[in-house]
There are 2 protein chains.
Amino acid sequence: MAEQAVTVAVSTVIFGLRDVDGSPALHLPLVRRVREPHLGRWALPGGPLRPEESLREAAREGLAATTGLRPRHLEQLYTFGAVDRGGADRVVSIVYWALVRTDEAERTLADPNVSWFPAERLPALAFDHDEIVGWAVKRLKAKLEYTRISHALLPEEFSLGQLREVHEAILGRRLDPANFRRRVEATGTVTRTGALQSGVRHRPPALYRSTARQELLT
Amino acid sequence: MAEQAVTVAVSTVIFGLRDVDGSPALHLPLVRRVREPHLGRWALPGGPLRPEESLREAAREGLAATTGLRPRHLEQLYTFGAVDRGGADRVVSIVYWALVRTDEAERTLADPNVSWFPAERLPALAFDHDEIVGWAVKRLKAKLEYTRISHALLPEEFSLGQLREVHEAILGRRLDPANFRRRVEATGTVTRTGALQSGVRHRPPALYRSTARQELLT
DNA sequence: TCAAAAGTGTTAATCCTACACCCATGG
DNA sequence: CCATGGGTGTAGGATTAACACTTTTGA
């Protein structure tokens, strides 16, 4: 006889950029629930924690299984465990958040039950997932200011203009190109590759890459 | 037949101040383990999560049971769940951190298996608790700079000198009294009570209290 | 009257912001 | 040759850090 027990699940808020009329905008993939409770609603990808896998592995695994994505950045966000979160059992839900590269975000699994939504206009989500996404966005904005995580959204080489567009998309406001450039260069988190980006209808920008350093994946 | 399952535990890193030759210093209470594994070692207070209590309740409850303390500030820190954390079962450990008032810290349960240690000189702890405490200290230092949590360590009314000593103890460096005063006053997080602290062998300092506002207990 | 901390004032250095201006390319 | 974003320069304001100096108490 199974007594009332606590179950552990791991889900992930995945962020990626997709173009909306020319500019990148923050998006996230959701999966449609195929069982009760909240059947048919959109929810964060995730699943139960198996005893033999670490929390991080579980996040990475559940993410790959449902969306086919491999994150560039993966970090624990928070653990939610109110007694009634809208489901039947007592579930403790450990939430991670991840960033995937723009080009990777394009080739998500072709599955009618997986779809990308703009972070600003989400449908009503299952459980308390709305609240969770709100936290993740808040954390992303905060970390943008004092870490180099934004690099994880871009391809290996990028211009400072592209990097600025990413920051603008996430922060939701325009940044002065001149000051942004100086701030970024001063931190030493980027290195010139020497190459220039060609094919643009203006002065070709220098390309940079993230300065080599093992990322501290908290 | 019980299959290999995941267990959820909640523990808490509790911070309080105790005087070390005249100045406050960051301390934390630990409990001695009375069973295997790690029998006899010092560890963070905590215990298993019961299905009917929230994570926060579990943290508060386990804390009260083992140390008799009521925290002024309680916040989730991180969830640790590597497959082998040194115990026998697979345990997912949700860690909270708490601040208690100086005067409260004095009257901990008189129990030979509970003792306060200076944060700088801890004994070797059970499991991965050393690492956890390290994280908690780091978070405390960071939050000191942009929140008002330091008030939670002091009594209802305090002088700016006392508040500065708290910051100095936690950050581990001296702060300019004049500049500290101005910074704190500028934030508007403290209010003069009108009273002065008497009995000091120098000019009596004005007393302040934390500006009334519901604390956001993440 | 002296030591010690409270509290105020001042200045120089630094950082941040806004914006002017030249550069190099594709159309 | 022009529109567009890349890239550099710079002046003013705000913030910070260091420290001189006055105030008020108990011993």
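Chain identifiers are assigned alphabetically (A, B, ...) following the order of the sequence lines, protein sequences preceding nucleic acid strands; residue numbering begins at 1 within each chain.
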Listed partners of A:D130 passing side chain to side chain contact (heavy atoms under 4.5 Å, CB included), at least two apart: A:L125
Protein-to-nucleotide contact annotation, 5' to 3' order, nucleotides 16-27 of chain C [B base; S sugar-phosphate only; - none; under 4.0 Å, heavy atom]: -BBB---BBBS-
All pairs passing salt bridge (Lys or Arg N to Asp or Glu O under 4.0 Å) where residues 162-171 of chain B contributes a residue, at least two apart: B:R164-B:E168, B:E168-B:R174
Nucleic acid contacts - residues 152-168 of chain A versus DNA chain D, non-hydrogen atoms under 4.0 Å: A:G161, A:R164
Residues within residues 186-195 of chain A bordering DNA chain D, heavy-atom distance below 4.0 Å: none
A:A126: side chain to side chain contact (heavy atoms under 4.5 Å, CB included) partners, not counting sequence neighbours: A:R33, A:H38, A:R41, A:A43
Terminal axis angle for the helix from C:dT1-D:dA27 to C:dG27-D:dC1, five pairs an end, nearest 10 degrees: 0°
Validation row, ring centre A:H27 to ring centre A:F117 under 6.0 Å: no
Donor-acceptor side-chain pairing of B:E75 and B:H73 below 3.5 angstrom: yes
Residue list, side chain to side chain contact (heavy atoms under 4.5 Å, CB included) with A:A64, at least two apart or on another chain: A:R70
For B:H151, all residues meeting side chain to side chain donor-acceptor pair (under 3.5 Å), sequence neighbours excluded: B:S210
Flag side-chain contact, heavy atom, 4.5 Å: B:S93 against B:S11: yes
Protein-nucleotide distance (B:E185, atom CD; D:dT16, atom C1'), rounded to Å: 17 Å
Under 3.5 Å, side-chain donor or acceptor atoms of residues 190-198 of chain A against the rest of the protein: list the pairs with distances, not counting sequence neighbours.
{"residue": "A:T191", "atom": "OG1", "partner": "A:T211", "partner atom": "OG1", "Å": "3.1"}
{"residue": "A:R192", "atom": "NH1", "partner": "A:Y208", "partner atom": "OH", "Å": "3.4"}
{"residue": "A:T193", "atom": "OG1", "partner": "A:A195", "partner atom": "N", "Å": "3.1"}
{"residue": "A:T193", "atom": "OG1", "partner": "A:L207", "partner atom": "O", "Å": "3.3"}

Heavy-atom side-chain proximity of B:F80 to B:V92 below 4.5 angstrom: no
For A:R209, all residues meeting salt bridge (Lys or Arg N to Asp or Glu O under 4.0 Å), sequence neighbours excluded: A:E157
Interatomic distance where CG belongs to A:L175 and P belongs to D:dG6 [whole Å]: 13 Å
Set of salt bridge (Lys or Arg N to Asp or Glu O under 4.0 Å) partners for A:E185, sequence neighbours left out: A:R181
B:Y78 and B:W135 aromatic ring geometry - parallel, tilted or perpendicular at 30°/60° bounds: tilted
